[in-house]
Amino acid sequence: MQKANPSPQRGLFLIVAVIAVVLAVVLFVFLRPKPTAADPAAGARFVFGSPSAKVTIVDFSNYLCPHCADHALRNVPEIFRDYVDTGKVRYIFRDFPFTGQDNVIRAGEAAACAADANRYRDYHEVLFRAQQLWGGLSGAALDQFFIDLASQLGIPAGPFAECLRSGSKRAGVLADRDLTTQLALRGTPTFFVNGQLFDDGYVPYEKWKERIENALAGKTSAPSQGGESTPAPKQP
């Protein structure tokens, strides 16, 4: 007895089924949502300058990093004078505490409390100037130092102390730290200029002028050689 030949309809069905599977795979690959890279400016709390500025700088710093102090005390005032205050640059400050640095997290909270009194930049700067004075403190002694520092700047001690004790600013500091993990940042200070990463640490103001002028002209800049940074400890 001869075997019956497969019907033409069955063969056509198999071909259509194979085509449908292939098409489904292709559509899945090309139409599925693409993972988006973390935005270094997303959710920023401390933003200075014109929203319409052509250049945005995002500054990730650690309050006990000496090279961050160099940038904060030497470069930031110049950048603000020449570019932020003239409407050319929008400048964003973000916290980058390292693992185990509870005092740096607390310093970030204190700076955020100072921001409630519109004194963020002043407090940010004085934290760097006083690194050696508070770096070894913890607990109540650390909090009292930060409260006294606020008083020296003319920030009302009562509201500042209550803000610090409440812990209401901690989530913002930790969100910044989480963002540094998403961005895979390796040390401080680290910067983004219109989205371009600069992880070469502290460089002199002349190099910053070159970076900013290039960004204003729509150009990119090569990372500097010989910059100074503090490496973040590797995650366990």
Trace of the side-chain contact (heavy atoms from CB on, under 4.5 Å) decision for R121 with F93: CA-CA 9 Å; R121 276 195 62 210; F93 295 95; 4.2 Å; yes

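- Linking Ile, Leu, Val, Met, Phe, Trp and Tyr whenever their side-chain heavy atoms come within less than 4.5 Å puts L133 and I155 in one cluster.
- Using modelled atom types, one side-chain atom of N75 and one backbone atom of Y205 make a donor-acceptor pair closer than 3.5 Å.
- In the hydrophobic clustering of this structure, F146 groups with V126; members are Ile, Leu, Val, Met, Phe, Trp, Tyr whose side-chain heavy atoms approach within less than 4.5 Å, directly or through other members.
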side-chain contact (heavy atoms from CB on, under 4.5 Å) between D95 and R177, worked out: CA-CA 6 Å; D95 292 312; R177 186 181 67 180; over 6 Å; no

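- Remark: D70 CG to H67 NE2 distance equals 7.0 Å, nearest 0.5 Å.
- Taking the six-membered ring for Trp and the full ring otherwise, the centers of F46 and F48 sit at least 6.0 Å from each other.
- Side-chain N or O atoms of R106 include one that pairs as donor or acceptor with a backbone N or O of L164 at under 3.5 Å.
- The cluster map of Ile, Leu, Val, Met, Phe, Trp and Tyr, joined by side-chain heavy atoms under 4.5 Å apart, puts L137 and L64 in the same cluster.
- By the 4.5 Å heavy-atom criterion applied to side chains, V173 and P97 are counted as neighbours.
- Separation of the F60 and F191 ring centroids does not fall under the 6.0 Å cut-off.
- Every residue was checked against the side-chain hydrogen bond (donor to acceptor under 3.5 Å, both in side chains) condition with T220, not counting sequence neighbours, and none meets it.
- Under 4.0 Å is where a charged nitrogen must lie from a carboxylate oxygen, and between R94 and D59 no such pair does.
- Using a 3.5 Å distance cut-off with no hydrogens or angles, the side chains of D148 and Q144 do pair a donor with an acceptor.
- Atom CG of residue D176 and atom CD1 of residue I105 lie 11.0 Å apart, to the nearest 0.5 angstrom.
- Closest non-hydrogen pair, C65 versus Q131, comes out as O-NE2, 3.0 Å.
- Remark: side-chain polar atoms of D200 are not paired, donor with acceptor, to backbone N or O of G227 under 3.5 angstrom.
- Aromatic rings from F192 and F198 are positioned such that their centres are separated by 6.0 Å or more.
- Under a 3.5 Å cut-off, the side chain of W134 and the backbone N or O of L127 do form a donor-acceptor pair.
- For the pair N62/T230, no side-chain contact is recorded, criterion being any heavy-atom separation below 4.5 Å from C-beta on.
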Can you check side-chain contact (heavy atoms from CB on, under 4.5 Å) on Y91 and V76, steps first, answer last? CA-CA 9 Å; Y91 201 97; V76 169; 3.7 Å; yes

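- Counting only N and O atoms by type, the side chains of N103 and S138 include no donor and acceptor under 3.5 Å apart.
- If you take CG on N194 and CG on L216, they are separated by 8.0 Å, rounding to the nearest 0.5 Å.
- Minimum heavy-atom separation, T188 to C68: CB-SG, 3.4 Å.
- Ring pair H124/Y63 is perpendicular by interplanar angle, where above 60° counts as perpendicular and below 30° as parallel.
- We find that K169 and D116 are joined by a salt bridge, their nearest charged nitrogen and carboxylate oxygen being less than 4.0 Å apart.
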Yes or no on side chain to side chain donor-acceptor pair (under 3.5 Å) for E213 and Y83, after CA distance, side-chain angles and deciding distance? CA-CA 10 Å; E213 292 295 336; Y83 296 103; 2.7 Å; yes

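- A distance of 6.0 Å or more separates the ring centres of Y202 and W208.
- Here the CZ atom belonging to R170 is positioned 12.0 Å from the OG atom belonging to S168, to the nearest 0.5 angstrom.
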Criterion ring-ring contact (aromatic ring centres under 6.0 Å, His included) on F96 and F98, from CA distance to verdict: CA-CA 6 Å; F96 190 173; F98 297 156; 5.3 Å; yes

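- For the residue pair T56 and R90, a side-chain donor N or O sits within less than 3.5 Å of a side-chain acceptor on the partner.
- A salt bridge is absent between K209 and E206; no separation between the charged side-chain nitrogens and carboxylate oxygens falls under 4.0 Å.
- Between the side chain of S229 and the backbone N or O of P231, no donor-acceptor pair lies under 3.5 Å.
- Smallest separation of non-hydrogen atoms from S61 and F128: CB-CZ, 4.2 Å.
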Where do R211 and S224 land on the side-chain contact (heavy atoms from CB on, under 4.5 Å) test, with the steps shown first? CA-CA 10 Å; R211 288 177 181 175; S224 302; 3.5 Å; yes

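- Taking each heavy atom of I57 and V193 in turn, the nearest pair found is CG1-CG2, 4.3 Å.
- When all heavy atoms of A111 and Y123 are compared, the closest pair comes out as CA-CD2, 3.7 Å.
- Looking at Q196, its side chain does come within 3.5 Å of a backbone N or O of S221 through a donor-acceptor pair.
- A continuous path of ILVMFWY side-chain contacts below 4.5 Å connects Y120 to I147, so both sit in one hydrophobic cluster.
- To the nearest 0.5 Å, atoms CD1 (I212) and CD (E78) are separated by 11.0 Å.
- Of the possible polar contacts, none joining the T190 side chain to the R186 backbone as a donor-acceptor pair under 3.5 Å is found.
- E228 contributes atom CD, which lies 13.5 Å from atom NE2 of H71 (distance to the nearest 0.5 angstrom).
- Across all their heavy atoms, A110 and F160 have their closest contact at O-CE1, 3.3 Å.
- Checking side-chain atoms of K54 against main-chain N and O of K88 turns up no donor-acceptor pair under 3.5 Å.
- The hydrophobic clustering, which links ILVMFWY residues whose side-chain heavy atoms are closer than 4.5 Å, places I79 and V58 apart.
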